[in-house]
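The analysis underlying the following values was restricted to heavy atoms, covering all of them including side chains, and did not include hydrogens, waters or symmetry mates. Per chain, numbering begins at 1; letters A, B, ... match sequence-line order.
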Protein chains: 2
Amino acid sequence: MSQIEIRHLRTLVALRETGSLVEASERVFLTQSALSHQIKELEGRLGCSLFLRKTRPVRFTSAGNRLLELADEVLPRLHKAEHDLDRFAGGQTGRIIMAIECHSCFEWLLPAIDAYRNEWSDVELDISSGFHFAPFPALARGDLDLVITADPLDEPGITYFPIFSYEAQLAVAKNHPLVEKTWVEPKDLADEIVITYPVDRERLDLFSGFLEPAGVEPARVRHAELTTMIVQLVASGRGVTCLPNWALHEYLQNDYVVVRSLGEEGIWPTLYAAVRKDQGDAPFMEAFIEVAKQVCFDNLRGIVTAELG
Amino acid sequence: MSQIEIRHLRTLVALRETGSLVEASERVFLTQSALSHQIKELEGRLGCSLFLRKTRPVRFTSAGNRLLELADEVLPRLHKAEHDLDRFAGGQTGRIIMAIECHSCFEWLLPAIDAYRNEWSDVELDISSGFHFAPFPALARGDLDLVITADPLDEPGITYFPIFSYEAQLAVAKNHPLVEKTWVEPKDLADEIVITYPVDRERLDLFSGFLEPAGVEPARVRHAELTTMIVQLVASGRGVTCLPNWALHEYLQNDYVVVRSLGEEGIWPTLYAAVRKDQGDAPFMEAFIEVAKQVCFDNLRGIVTAELG
DNA sequence: AACTTTTTTTGAATTCTATTCATGTCGCAA
DNA sequence: TTGCGACATGAATAGAATTCAAAAAAAGTT
């Protein structure tokens, strides 16, 4: 089946460089007898001789030269591939295809990616838009490599690295009655219109961590795609919303809306990077998580709580 | 030492094309178990996994894709090389580096080479100018592949194929006394100046086949490089020369000189193509000799005698 | 030309490793 | 759960590459 093997190419190159079987054999760490057998057998299979041994240095036939040409094409590529694979094996490079559960995470993720790319330029980076609905199976089977999530479910084969904690706050219009309260109780929202991203309730801190435990259902739930749009609706008094404090920060500074904590302590979700266990300790992956934390800590200084890993 | 082998690349390609170990194993004519072991072992040595088996079709990791990239670079080149080597082995192609002992053979050799090149375009062809002095050792050790010679010495490992026979004739000036004779005897040249190519006497038919056997030495021997120059010297009465009849043909037609046979029968050397025994029956080599004979027969029609092989 | 040294070839023994065989495990669908 | 298909695994086997030992062939040397 396979006539020519890598070892044959190596042998021929060594032979070209040394000019004799004896020296070539040292070069490839075999006995000279082994080389003699090896080449004789190859010549037998190919049906033609590869070099003339009666000269010093040996002289290659056309067939031999053709094989050397092949070796010159193949061996460098092989070595490069082996080198690249070493880097994969050592975790010096890899692929990070990400998905975000948290809708507004682009805000800090994009800068994090930019910062990371400076240092780890050959890591394949991408944000996948395709797996919003079911990121974890995709992560497990290798379509994704990293998922930003606030719910570290105990899935087998997945590890979670905390990035930072933030407060999920209720935003209301400046003239909204709730502005009078220092913090909000669940029942305060029973008659409110709640504006959210168009995602499942269990992925919304307001419901999963506040209203549902208290058995409170708002008057109505309305959806909007973009953070800006949600905030605008809230500012104009069409409803209330719950967003991460860092996503609301710029609107607060512009005095568009007012925010209040959910409950006396506030709700403080933590964002995690979920990765497959086998990639969790790869340097390129650890570095990404470290960079993400650092970027968040720097950019969102005083707004979020760094989780020191 | 050598991590990756051709078989690994073949396996991975089969795996990519079929999507499962079971089918891939059929493709490469091994059991599924063999592939499982093979890949497991490779992954072990590389230190990273190459694909995730829990999906259908299997999904390659970055490392796996890198290896597939290598396979796509290497395997086609390998197949091409194997194909080329098959042609070498079958004698469908090869190399013919020639040397000529006979100084004026260019005249018919160049057209022969041109004719041959039409049919056998990928045979490497060259006329070597470097081995005029000792062509046979060079032929034996592979510097040359074909030598045109008039002396088929019985060297081991060399075979001779006759190309054609010609008459070696004496050319004299039109007013030379020897014009009166129908043929020349050795002693007729005892007082003559003989003009020859600057080569050893034993390679000159006039000496080795005519004068020396008769023990006759001419008055003087003078050298000239080019056929034209020799003929001019002869035409102007500065001496006589011995050349192949086909080399003299055009000068005869122009009435420059007169030719006479050496002895009653004339001297009829035969030109041979000397090649290494192992190449003697290769189609590309046989074809060259056949083309050479044909070209000579056509171009020198009526002047030389074809040797029918 | 005889002798020594070096290099390659060769056949048999050995060691290694790829492959197979026979199970075992895992995930998935009915 | 059972049954099915796909992959994994351990032990046995078969096959090849390599080594060893010795011989043959070249190449230098005297």
With side chains defined as the heavy atoms from C-beta onward, is the minimum distance between B/Arg95 and B/Ile97 less than 4.5 Å?
-> yes
Whole-Å distance separating the CZ atom of B/Phe51 from the C1' atom of D/dA8 = 11 Å
Could you tell me the separation between the CG atom of A/Leu42 and the P atom of D/dA17, rounded to a whole number of Å?
-> 10 Å
Carboxylate-amine/guanidinium contact A/Arg45 A/Glu41, below 4.0 Å | yes
Indicate, with a heavy-atom threshold strictly under 4.0 Å, whether B/Ser36 touches base, sugar-phosphate, or nothing.
-> base
Can a side chain N or O of B/Lys54 be found less than 4.0 Å away from OP1 or OP2 on C/dC26?
-> no
On the ring face of B/Phe51, is B/Arg53 found with NZ or CZ under 6.0 Å from the centre and within 45° of the axis?
-> yes
D/dA8 phosphate, OP1 or OP2, under 4.0 Å from B/Arg53 side-chain N/O = yes
CG of B/Leu52 versus C1' of C/dC26: gap in Å, rounded?
-> 16 Å
From CZ of A/Arg10 across to C1' of D/dA17 the rounded distance in Å is 16 Å
May I have the distance from B/Glu5 (atom CD) to D/dA16 (atom P), rounded to whole angstrom?
-> 15 Å
Could you state the atom-to-atom distance from CZ of A/Arg59 to P of D/dA26 in whole Å?
-> 17 Å
Anything under 30° is parallel, anything over 60° is perpendicular, the rest tilted; go ahead and classify B/Phe136 against B/Tyr160.
-> tilted
Separation of D/dA17 C1' from B/Ile6 CD1 (nearest whole Å) | 17 Å
Over how many whole Å does the gap from B/Leu35 atom CG to D/dT9 atom P extend?
-> 15 Å
Give, for atom CD1 of A/Ile127 and atom CD1 of A/Ile148, the distance between the pair rounded to the nearest 0.5 Å.
-> 9.0 Å
With the sugar-phosphate defined as primed atoms, P, OP1 and OP2, and the base as all remaining atoms, what B/S/- string results for nucleotides 12-19 of chain C, 5' to 3', for protein heavy atoms under 4.0 Å?
-> B-----SB
For a side chain to side chain contact (heavy atoms under 4.5 Å, CB included) with A/Leu15, tell me which candidate from A/Ile39, A/Val28, A/Leu35, A/Leu68 qualifies.
-> A/Ile39
Check every strand shown and say whether B/Ser33 touches a base, only sugar-phosphate, or nothing at a heavy-atom separation below 4.0 Å.
-> base
